[in-house]
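Index from 1, following the sequence. Any value given below was found using the heavy atoms of this structure, including those in side chains, with hydrogens, waters and symmetry copies removed. These numbers come from a predicted model, not from an experiment.
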Amino acid sequence: MSQYQRQGIGSKLVRHAERSLIAMGCLKINLQVRVSNAEVVEFYRKLGYLVEERISMRKLVP
């Protein structure tokens with residue numbers, strides 16, 4: 001664990017970003033988090049984010 005974790009810094013940054021997006025008229029915020037990163041999933045859940053069943057697709061092109 002980093003010395004900066006569990007101090008509320010990440011939560012404050014997310015809340016600031018949310019306020020900025022709302023001020024610009026954003027109605028929905030989407031995040032992409034790896035399924036394997038359970039700690040980050042839980043972090044966002046605690047901030048009120050919900051898991052939406054989606055498929056993220058990509059294509060690498062030369």
Side-chain angles (χ1 to χ4, degrees):
M1 179 168 54
S2 165
Q3 67 183 21
Y4 300 106
Q5 289 180 305
R6 311 276 188 254
Q7 294 184 30
I9 298 168
S11 298
K12 288 178 185 174
L13 286 169
V14 171
R15 295 297 186 216
H16 176 75
E18 290 172 343
R19 286 191 301 273
S20 297
L21 290 165
I22 291 166
M24 290 187 287
C26 182
L27 301 176
K28 182 179 180 184
I29 300 170
N30 290 321
L31 302 170
Q32 288 193 337
V33 178
R34 292 186 187 274
V35 173
S36 61
N37 199 339
E39 190 173 332
V40 171
V41 171
E42 185 57 26
F43 168 77
Y44 283 110
R45 281 184 196 261
K46 288 180 180 177
L47 293 175
Y49 287 80
L50 303 173
V51 173
E52 291 184 334
E53 296 298 323
R54 300 285 186 263
I55 296 173
S56 180
M57 299 177 74
R58 71 175 181 158
K59 178 180 180 180
L60 297 177
V61 294

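K12 meets the side-chain hydrogen bond (donor to acceptor under 3.5 Å, both in side chains) test with no other residue; sequence neighbours excluded.
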Let me have the donor-acceptor pairs involving side chains of residues 47-62, under 3.5 Å, with sequence neighbours excluded, atom names and distances please.
| from | atom 1 | to | atom 2 | distance (Å) |
| --- | --- | --- | --- | --- |
| Y49 | OH | E18 | OE2 | 2.5 |
| E52 | OE2 | K28 | NZ | 3.3 |
| S56 | OG | Q32 | NE2 | 3.3 |

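V33 is not listed as a side-chain neighbour of F43, based on a closest heavy-atom distance of 4.5 Å or more.
Linking Ile, Leu, Val, Met, Phe, Trp and Tyr residues whenever their side-chain heavy atoms come within less than 4.5 Å places M24 and L31 in a single cluster. Hydrophobic clustering keeps I22 apart from V14 (ILVMFWY residues linked when any side-chain heavy atoms are closer than 4.5 Å, directly or through intermediates).
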